[in-house]
J.: 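Take a look at this one; I'll ask things after.
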Amino acid sequence: MHLNRRSLLAGAAASTVLSISVRAQILPPAGFATPSGTLPFPPDVYRERRARLMATLKDGVALIHGAQRGSTSGPVSPPFYQSGDFAWLTGIVDEPGAVLVLAPAERTYREFLLLPSRDIETERWDVERLPLGSQIEARTGIQRVRRVSALDALVTGIAARSHTLHFMGPIASAGSPVPPALDLYSRVMARVPGCTLKDQSALIPALRTVKEPRELDLMRRATAATKAGHLAAMKAVRPGMTERQLTAILEAGFRDGGGEGLSYDSIVATGRNAASLHYAHGTAVIGAQDLVLIDAAASVGTYACDVTRTFPASGKFTPAQRADYELVLAAQDAAAKMLKAGVIHEDMTEAANAVFRKAGRIDEFTHGLGHFVGLDVHDAGDYTKPLPAGAVLTIEPGLYNQQANQGIRIEDLYLVTATGAERLSTGIPRTVEEIEVFMAR
Ligand code: GLY
Ligand code: MN
Ligand code: MN
C-alpha cells in the first residue's frame, strides 16, 4: 500500500508544520529552501541519536542511504517519502538521494552528510537548494556536508584506516537489487585489502523500537487527531452516502483534531469492500445493512498512528453482525492481555488465533496480528525478539467474509510497559455497546 504518512492535510499543514519549524529550527534564508533543517526535532536530538549508534559501532564506517525520488510519468514531481532509518538519524526529509556516513573512530570529523549535486535547471521547477558551506552544516547539525560524488573516495579512505565496514540494513531479499551500501562495500573490498564486513542490520531497528518521550508525545497527538476523525465519521455516517463522502468527513475531523497529515491513505470500505484488506477506492454507496470499516489515521510531526473501527451504517448491529464483531473483539482482548515487556509477538498471535480457531473461523483471519508503529506506520523492529518496554504496536485482528458481504477489523495502538500495556487509542467507541450508544446520540 502507498503509505503517504508525510502527505499533508489541506489547511492544517501550512500553519502547524511551520510552527514546529519556527520554534525548533534555524530558518532558511529567503530563496534557499532545502535542506530546510531537521524535522520534527532540532538538530541536537539527531546528533545524540547518531552518537548512541556510533558508541555501539565503535569503529569502522557505516552508510545509511536516504530514499531516492520516485519515478514520475508526468510533468509534476511525485511526492517524496524519506527512508525511516535516514529520517530517524538525520531529521532530513527533503533531500532525495542523500547519504549519511558515520565513522566513529575518525580523529576529527565522524559524521558526513552527502547530498546530490545541485542542478540549476531542475531547481527552477522543483525547489532551490543550499550551496555547500557552514550554513548547511548549521542547519542540518551534521559536521561535514559534501556532495555524493565524494562518497566513494570518502568511504575508501576511512576503510583504508579502519578496515571495518558496517552494513546497517535493511536486509533485502535475494531477488531484489543489491543495496547500494553493499554494492559500494564490495567495490571498496576489491581495492582495500583486509576489510571486514559486519552485519549490523539489527542495530537501528532496535533503537527505533523503543520510543523516546518526545516521540510518544507526537504519537499521542496523532492519536488524539485520529480519534477526532473517527468520531466525526461514526457520527455522520448515513446509508446512501458514498465512501468518499465519509472519507471527506473523516479527514476534516483529523484536521480539526490537530492532525497535520495522513499516516497512510485512508481506507473507508462499506459492505463487501471491507473484505479487501487495503481497499482504497471510495465510490461505493453505503447500504442500510452494511458494516462500514474505517482504517485511517492522522499524523503529527511526521509520526504515525494506525486505528481501525468497524460499525453498522444504521447505528445498530444485527444479531449476526454483533456475534462476529464480538469474536474479533475477543481475539483482540486475548492478545492485548498478554502484552507486556518480554513477550514474543508470535505468542500474542497464537492467543488471537486460538479465539478464532475455537469458533471455527480461523480461515477468515487472513493477515498478521499487528506491527510496530512510529515514524513509519509499519515501523522498524524485530518481531522475533522479546518486546521491549517503550515499543508501540498495533493489535488488529479481523474476520473477512465475502459471501457474507462483510469485513470486520478492530485495530488499536498500544504502548508496551514493564508490567503490561497502555492502549493509546482510547476514547474511540470499541465495544458493541459503546458504538451503539455513541451512534444513537
Ligand atoms: N493501515 C494499514 C495497516 O493496518 O497495517
Ligand atoms: Mn495496522
Ligand atoms: Mn490500519
Side-chain angles (χ1 to χ4, degrees), residues 1-7 9 81 84 205 208-209 211 219-220 222-231 233-234 243 246-247 250-251 253-254 259 261-270 273-282 291-300 302-311 325 328-329 331-333 335-336 339 345-346 348-349 352-353 364-381 383 387 391-400 406-416 421 423-426 428-430:
M1 184 172 56
H2 191 55
L3 302 170
N4 58 346
R5 73 191 153 88
R6 292 185 184 87
S7 74
L9 281 165
Y81 304 114
R208 286 179 63 188
T209 303
K211 268 54 189 179
M219 293 183 77
R220 286 182 198 278
T223 306
T226 299
K227 170 183 163 181
H230 276 271
L231 293 185
M234 216 181 267
E243 295 163 332
L246 192 57
T247 306
L250 169 83
E251 294 181 358
F254 289 160
L262 295 174
S263 295
Y264 49 92
D265 288 343
S266 301
I267 298 165
V268 175
T270 195
N273 290 339
S276 299
L277 302 181
H278 282 174
Y279 171 87
H281 294 275
L291 287 179
V292 179
L293 182 153
I294 298 185
D295 181 348
S299 67
V300 170
T302 74
Y303 276 78
C305 175
D306 193 2
V307 168
T308 306
R309 285 293 180 267
T310 308
F311 49 88
Y325 187 92
V328 178
L329 196 63
Q332 195 197 39
D333 285 339
L339 184 54
H345 193 257
E346 200 175 8
M348 288 168 59
T349 299
N353 283 350
E364 293 170 54
F365 176 35
T366 49
H367 55 78
L369 181 69
H371 51 87
F372 295 110
V373 180
L375 205 45
D376 290 314
V377 65
H378 288 191
D379 210 47
Y383 294 94
L387 290 171
V392 174
L393 72 167
T394 67
I395 303 178
E396 51 176 305
L399 282 179
Y400 308 92
Q406 80 180 23
I408 298 171
R409 179 162 64 254
I410 307 171
E411 175 173 29
D412 284 277
L413 199 59
Y414 296 82
L415 167 65
V416 182
R423 188 164 70 229
L424 298 177
S425 45
T426 53
I428 314 174
R430 189 171 146 274

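When a residue number appears, it is its place in the shown sequence, counting from 1. Note that ligands are numbered from 1 as they come in the structure, with each ligand's atoms numbered from 1 the same way.
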J.: With carbon and hydrogen excluded and only N/O/S kept, which atom of Glu411 is nearest the Mn ion (ligand 3)?
T.: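 In Glu411, the heteroatom (N, O or S) nearest the Mn ion (ligand 3) is OE1.
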J.: Using ring centroids (six-membered ring only for Trp), state whether His367 and Tyr400 fall under 6.0 Å.
T.: yes
J.: Within a distance under 4.0 Å of any heavy atom of Glu411, pick out the atoms of ligand 1 and give their elements.
T.: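 Close to Glu411: 4 (O).
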J.: With carbon and hydrogen excluded and only N/O/S kept, which atom of Asp306 is nearest the Mn ion (ligand 2)?
T.: OD2
J.: Looking at Glu396, pick out the N, O or S atom nearest to the Mn ion (ligand 2) and give its name.
T.: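 So the atom name we want here is OE2.
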J.: Compare Asp306, Ile267, Asp265, Val307 and give the one whose heavy atom is closest to atom 3 (C) of ligand 1.
T.: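 Looking at heavy atoms only, the winner is Asp306.
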J.: Could you tell me the separation between the CG atom of Asp379 and the OG1 atom of Thr394, rounded to the nearest 0.5 Å?
T.: 11.0 Å
J.: Out of all atoms in ligand 1, which are within 4.0 Å of some heavy atom of His278? Include the element for each.
T.: 2 (C)
J.: Considering the heavy atoms of Tyr264, write down every atom of ligand 1 situated less than 4.0 Å from one of them.
T.: 1 (N)
J.: Checking His278 against Asp265: is there a side-chain donor and acceptor pair closer than 3.5 Å?
T.: no
J.: Does any N, O or S atom in His378 come within less than 2.8 Å of the Mn ion (ligand 2)?
T.: no
J.: Looking only at the aromatic ring of each residue, does the gap between the centers of Phe311 and Tyr325 stay below 6.0 angstrom?
T.: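 No, ring centres 6.0 Å or more apart.
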J.: Can you give me the closest heavy-atom contact between Phe372 and Tyr383, atom names plus distance?
T.: N-OH, 2.8 Å
J.: To the nearest 0.5 Å, tell me how far Ile395 CD1 sits from Ser425 OG.
T.: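 These two atoms lie 9.5 Å from each other.
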J.: Could you verify whether a donor N or O on one side chain and an acceptor N or O on the other, from Glu251 and Ser266, lie under 3.5 Å apart?
T.: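 Side-chain D/A pair, Glu251 to Ser266: present.
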J.: Has ligand 1 got any nitrogen or oxygen that is less than 3.5 angstrom from a nitrogen or oxygen of Asp295?
T.: yes
J.: If the contact criterion is a heavy-atom separation under 4.0 Å, does Arg409 count as touching ligand 1?
T.: no
